[in-house]
Every structure is written in C-alpha cells, then in structure tokens.
There are 4 protein chains.
Amino acid sequence: MRELPDTGDDGAPTRRRSERSHRAIVTATQELLVERGYRALTIEGVAARAGVGKQTIYRWWPSRAALVLEAYLAGSDEVVRPRTRTSTCADVRALLDWLVAVLTQPIGGRVLAGLVSDLKDDTELAERFQRDVVPARRQAMLAALERGRERGEIRADADLELAVDALHGAVFYRLLLSGAPLDAAFTKRLASQVLLGLSSGFVPIGD
Amino acid sequence: MRELPDTGDDGAPTRRRSERSHRAIVTATQELLVERGYRALTIEGVAARAGVGKQTIYRWWPSRAALVLEAYLAGSDEVVRPRTRTSTCADVRALLDWLVAVLTQPIGGRVLAGLVSDLKDDTELAERFQRDVVPARRQAMLAALERGRERGEIRADADLELAVDALHGAVFYRLLLSGAPLDAAFTKRLASQVLLGLSSGFVPIGD
Amino acid sequence: MRELPDTGDDGAPTRRRSERSHRAIVTATQELLVERGYRALTIEGVAARAGVGKQTIYRWWPSRAALVLEAYLAGSDEVVRPRTRTSTCADVRALLDWLVAVLTQPIGGRVLAGLVSDLKDDTELAERFQRDVVPARRQAMLAALERGRERGEIRADADLELAVDALHGAVFYRLLLSGAPLDAAFTKRLASQVLLGLSSGFVPIGD
Amino acid sequence: MRELPDTGDDGAPTRRRSERSHRAIVTATQELLVERGYRALTIEGVAARAGVGKQTIYRWWPSRAALVLEAYLAGSDEVVRPRTRTSTCADVRALLDWLVAVLTQPIGGRVLAGLVSDLKDDTELAERFQRDVVPARRQAMLAALERGRERGEIRADADLELAVDALHGAVFYRLLLSGAPLDAAFTKRLASQVLLGLSSGFVPIGD
DNA sequence: AAGTAACCGAGACGGTACGTCCGGTCTTTGG
DNA sequence: CCAAAGACCGGACGTACCGTCTCGGTTACTT
C-alpha cells in the first residue's frame, strides 16, 4: 500500500517510519474488523488498540478506507489458491470455491461491502482497487478459461472477460445483494451453465 | 415502508402520522442523495432540508439506511420498464438496458453501494431488501426467460434463477467493483453469451 | 392557585374543570418531587404519572414553577403550627423549630431552592410568592414579637420586621447556602441572641 | 477550579490545557449570564460564543453549575472590599453594604439563585461551595466582630458565627425570597439591631 | 332527546439542548 | 524528524422535553 522508506543514495535522512507501529496498526485494524465489522471501525479505536497516536495513522494512510484495504489485502492471502488443472470445468469450479472461501472468511464479505460503499466517494481509492485488487482476483479464472480455449473446449470467439464478469458477478451478487447461499451446489451449476455458453459445441465440457 | 397505525379496536385513537412531513422527508432525502451522496447524508441534514424535527424521522424510520431505502425505492420507478417481447434475446437485452439505466440514474449506483454496505450490519433491513427489492428486479427477467423456455428456445432443464444471478451479477459487478463500462455493447454480448448456455441447441437464439 | 369555575351571573357556560385530573396532577407532582427532586421534574413525567394529557397541565398552570408552587403549598401544611404563648423567647424558638421542620420535610428544602431559582426569571410567580407565601410564614413570628412588645419585654422602637428578616434569614441561609446544621441548639441560641438585641434592657428575656 | 495536570514523573508528557480556550470559556459564560441569566445559559451557547468545541468544556468542568461557579467567582472580585475599621458598627455596615453591592451586580443575585438550586442536586458542588465560597464571604465580617470583642464592645460569650448567620441571612433572605429592598437604611438598622444583641451592655455601640 | 362546545387522553409535531463520539488538525515532549 | 499522547474545533449522533397542535371520545350544559 505504501512503500517503506527508500534508503536510497540521495543522502537525505528522510523519514524513518517505525515498522513496529505499521504492523501494530494493520494488525489492530484486522482484529477490529473481525470483532466489530467495518462500520464500527474508527481511527481512534485502531490507534488505541495499536498503542499509537492518531497522527501516526493519518500520516501514512489518506483515509480509513485505504487503511482497511491494506489490512484486508494483508489478511486475505490465508486461503491458498487451488492449482488443480484437470479440466476446464473442474478448474473453474475450484476457483469459484476458492473465491467463495475467501469472501466468507470472517474478514471477507462484511469488509468488502464497506469498501464498495467507499469506492463511490473516493476516486483515488477506486482506481487503486480496480487496478490492484480486481484484476488479481480475475487473473486465475481468466487463465483457466484461456487454457480451455487452447484445448478447444471453448469457442475461439468467446468473450472470456465477459465470462469472468458473469462468474464472479454471480458470486458477489449473492454475497452482497440477494443473500442467496454460496454453497458447492451453486458453484457447480454456475460453472457448468456458464461454460455451456462458451463451449465449442463439439467437445463436451460437463463434469 | 411503514404502515399507518392500525385503526384496530385495541388502541386509543389519536393523532395520526402527518403525510405532509412524510413526503417532505422522503423528498429531502432524495435531493440530498443526489446532491451529496450516501456518505454525506445525515439525519440532521434531512430534517433541516425537510423543515422537520429530527424526532419525526427517528419516530418512523429505525435507521438512516431504512430511510434511504424508502427514498431510493420511491425514486427508482421513474425509468419505465420495457415491454417488448419480440424475442428472448431482445427481451433480455432490453431488461439489462433497463437495469443499467436504473442503476446509472443520479440516485442509483452510489446509493446502492451505501445500502449494500449497511445490509451487513442491519439484519432487519437486509431481510426487507432481499424480500422486497431483489425479487422485484429479478422477476421481469425471470419471466422473459420462462417465456423463452415455453417457446423451446431454452432448455427445459436450464437453471433460470442461476441465469438471472449471472446476468444481474455481471451488471452489479461492473457497477460496484470493477468499474468497467456499462454500455450497450456490454449488455448485448452478455445477453447472447449467457443465453447460449441456456439454449436448447436446436433453435438458434440471438441476433 | 387557580380558582374553580365561577358560576357567576355573567351567563357564560364557562369551563368545567375536571377535579379528578386536577388532584391527580398535584399528587403526581408531589410524588415526583419527593422521589426525584425539582430538577428532574418534567411536565411529561407529571402527565404520565397522573395519567393525563400534557395539554391539561398547560391549560391550568402557566409554568412548571407555578405547578410546583401549588403542589408545595398543598403539601406543606402537614406540620402543625405551634400555639404555645408561654414567653416571647419560647414562642420564637417554637416558631423557628416549626419553620425548620417544614423546610426539612422531604419536599421542603430541595423544592424551595428550585423555586427560588425560578423566581428570578418569572416576575408573575415572584409576585405571587412574595405576596402569598412569604408573609404567611412571617406572620406568626411577627405576632409573637408584637406580643413581646406589648408585654414590655421588647423595646418599643425595635424594628420587628427586621428581626424576622434576621431570624428567618439565618434559617434559610443555613438551609440554602452554608449547609450548616439546623438543629435545636441553633434555634435556641438564635432566638435568645436576636431577642437580646430587641430587649428593653429592664425585663430579662430568655430562659 | 481545576488544576493543570500534575507533571509528575508517572505520566507521559503531552499537550497541556489551552489557557486561551479556558479564558474564552469563562468570559463567554460571564457575558451570557449577564445578558440572558442563569436559566438561559446553555453549554452549546457558551461553546459557540467562546469559539470552542463543546467537548472542551465538558473536559474541564463536570457540570454547568461548576462552570457558572468559576465564572461567578472570577467576576465577583470587581467590587473592592472595604477596609475602614473605625468602629465595629461602621465596619459591619460597610461589610453589609459591600455584600449587597456584590449581590446586586448584574451577575450577582440571579446567578446565585440558580447556583443555590443546583447545590441541592450536586453534592460535590455543594461541598466546594460551602468550603470555598461561603467562608470567604463570612471571614471579613467575623474578623470585624472579633475586633469588637477584643475592644470590649461585644460580650465575650456572644456567638459570633451565629451573628454572621443572622446578618448575612437577612441579606440573602431579602435577595432570594422576600424581595424586600436592599438599601442603605436596611443595612444600617440591621447592623445596629444585631449588634445590640451582642453588646456588652456597658460600652455603647451605636453609630 | 339532540345538539354543541369545552375538556379530556393521547401523542405527533417543529424545535432546542443534552452529553457522547469521532474526524481531522495541532501542540507538546521525548527519543 | 518521528512518534506517543492527547487537547483542540467542529459536527453529527440518538435522546429527552419543550410548548403547540390535532385527533376522536366524553361530558355537561343548552335548546
């Protein structure tokens, strides 16, 4: 989110950010997000929990949302990405299951909903989110689909980006809006039905 | 949103809710949402704009989010729903375009993002949202797909609810998360690609 | 405080005040004064306790202070005035003890302090208080002193009104300001010392 | 009223109380007391007039009454205490005139009445008032009477504290309760009549 | 006996102030 | 110069009451 001080050769003593404070702040943010949720997270609360002055937070993060984004990213890598690669459909299903797992972690959906709300009022944050976070999540899925195309399972003219929109969109839609369950049955049917629309029509894709 | 007191024979009859204040509050909320957005909306601001005491708002709405939901719904019917019914694909496209139009209204996406964030902390509101708002939006799309199935354009065993998840999900995903454009090209390709996955394989769909 | 409807000969149908409500209001006021004190007394609280609409209170009393004054007076006659008349000094002491008893009743000092505070902002109430309440309390003391003068125990040119100011003033001063105890030793010494200043110098006073 | 944080060696060194804000708050309180009186004084009003956040007031004063007490004391020293010392009676009269002058200042009686009312509901404030304010006012009078006793004008066994109760009590009684005038004639007769009760009977005290 | 007008309970209304919380900035002191 | 501590101004929170204003329902007098 923010780089450590460059001890570059420009000779200036520059800033000496306390790594201890940095870690304490991010950790406190994660804990409070889990314990109380996004809405109840306050800078004062983070500062108190981290044993840090408020100014130290304001010095390094431009907004609460930026802090939460960093804490969120730092904590979301705990669920390991699947690496199966057996069939396109199996890969897609595994990736959907992984996405669901990430989003239903304690820190997952609730925080994401809060962030989504702040993106609408914070252009800079929105840019960073759409540049760093969104593509990172899409990439693995896109790669799986491209492998499917190379194997001939997926039509050459299929719009794979659009397919990721539909796959991920359906997951987020249930998570954030409809409240419908995010279970294995859902991901299984979602994967097969969307892949049907991408299939070359000759090679069967089913599971 | 909130019913008038039941004129049942149990309670004493007393002064009723002022419809004038009710309207003024909802209107003020809509105006302030357009002018300043969800984040900057305060109960005090609404009360001042509406020329109303704060208590009058707290008396009838349990939370800011509930008020916003009512204002949102009261103002979202301005875009008229399409009634085409020429072909399944055309219908789906028209409904997607309608959804996009509704969501890109001045009051649309920004407010929705805010609401979505509050749903995570307000169970009662979430229930109402998922009972009243979500199905209302899905229904027309579902009906269009069912007509397609009756005509034989769509497989009998296709999961239509899932298809709506994918269609609407893709739209909301772009609106709230990826920031990708919501244009006519998008809705066109989305409709045809998803419908391909639902097609019976014999009757061609799409244009 | 407020007269009942005069069924005068002016022919007007006039008002028909509910005596039941009147009593309920005064009683509720007294109870709440004892339970919570002057500061915590609210019109809404009285109305709720009395099972009465707020308007019924506002219709008959111009202010909270006026209501409290009525409730105070209605409840302060429970301590019976002494009628001794043995000696001037004994009479004065008895009357001081009576005053102290009245003021240390549960409803006494705390309410008086509150009223005193409101007199400064409510001219009409102040007038009524100084016309009805104050002289009623002074009268018995003044009569006792006048009897002393007639007997020759008190100088003919002594300022008896001033003496009452000093006697009562000392009591209220301890009650409201200094917090010093209002016990029998105090009243005894106060009576004899003040009476010394009034004595004719020939006839001994005091015990 | 409130001490600055102890610069003991236990606590961390940090930002101290702003003397600028302190003064602004006290001054604003005094002005508003004069302009509108005790009843109309609100914390919000003081904060607005002083250009200060409400929290800054709540941080340093536990109640409105405590703030008023400080403002009252800070402003009551404008009338200089007399230092005559000619005769006991003249001294007493001068001190009574001084007390009357202090209490009839614009900020005087109205504020005192309000404070008196709050003392009944605020034990801590009452203690401070009775420890700091009351004795300060009594002391000069007591000293004058003691000088009189040393000179032989006042009986050795006279209760001087009680005499101050009577002298001051009469003044406050007129101010707060009876509304009778506080003029020079009053103080003159009060002084001489009370002193008569204290006199040794041999040395004349009159003026 | 019906009409009617004031009174009643209930409580919604536009407001004001409460005391608290937090945002974002500023100041102090020490490392 | 950074960091902790936390005071500062500002502003919104949700609550409590204010005094006024409808509402039917009730009651006691008039007609």
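By convention in this document, chain letters (A, B, ...) are assigned in the order of the sequence lines, proteins followed by strands, and residues within each chain are numbered from 1. Note that the structure is a prediction, hence the values are computed from the model and not measured.
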Touch class at under 4.0 angstrom, heavy-atom based, for A:Gly51 against every strand present: sugar-phosphate

Whole-Å distance, A:Asp122 CG to E:dG24 P, equals 11 Å

Less than 4.5 Å apart, any side-chain heavy atom of B:Val46 and any of B:Arg49? no

Taking 4.0 Å as the cut-off, does a side-chain nitrogen or oxygen of C:Thr42 come that near to OP1 or OP2 on F:dA16? no

Under-3.5 Å donor-acceptor pair between B:Lys54 side chain and E:dG15 base: no

Distance, rounded to the nearest Å, where D:Arg15 contributes CZ and E:dT27 contributes P: 6 Å

Using side-chain heavy atoms (C-beta onward) and a distance below 4.5 Å, is D:Val26 in contact with D:Trp61? yes

First encountered from the 5' end of DNA chain E, between D:Leu41 and C:Val52: C:Val52

Kindly indicate whether the side chain of B:Glu19, heavy atoms from C-beta on, has any atom under 4.5 Å from the side chain of B:His22. yes

Rounded to whole Å, CH2 of D:Trp60 lies from P of F:dG6 at a distance of 11 Å

Taken to the nearest whole Å, CG/D:Leu67 to P/E:dG19 is 12 Å

Rounded to whole Å, please give me the gap between CZ in C:Arg20 and P in F:dA28. 12 Å

What I'd like to find out is whether the side chain of B:Leu112 reaches to under 4.5 Å of the side chain of B:Tyr72, using heavy atoms alone. yes

Both D:Ser21 and B:Glu44 contact DNA chain F. Which one's nearest nucleotide lies toward the 5' end? D:Ser21

Value in whole Å for how far the C1' atom of F:dC21 lies from CZ of B:Arg17: 18 Å

Between E:dC8, F:dA3, F:dA16, which nucleotide has the shortest distance from any of its atoms to the side chain of A:Arg59? F:dA3

Between D:Ile43 and A:Arg64, name the one whose nearest nucleotide on DNA chain E is closer to the 5' end. D:Ile43

Mind checking whether D:Arg39 and C:Asp118 have side chains closer than 4.5 Å, heavy atoms only? yes

If I take atom CD1 in residue D:Ile57 and atom P in nucleotide F:dA7, what distance separates them, rounded to the nearest angstrom? 16 Å

Considering only heavy atoms and no angle criterion, is a donor-acceptor pair shorter than 3.5 Å present between the side chain of A:Gln55 and the base of F:dC2? no

In whole Å, what is the span from the CD atom of B:Glu19 to the P atom of E:dA12? 15 Å

Does D:Ser18 put a side-chain nitrogen or oxygen below 4.0 Å from OP1 or OP2 of F:dA7? no

Could you check which of F:dC18, E:dC13, F:dC8 has an atom nearest any side-chain atom of C:Tyr58? F:dC18

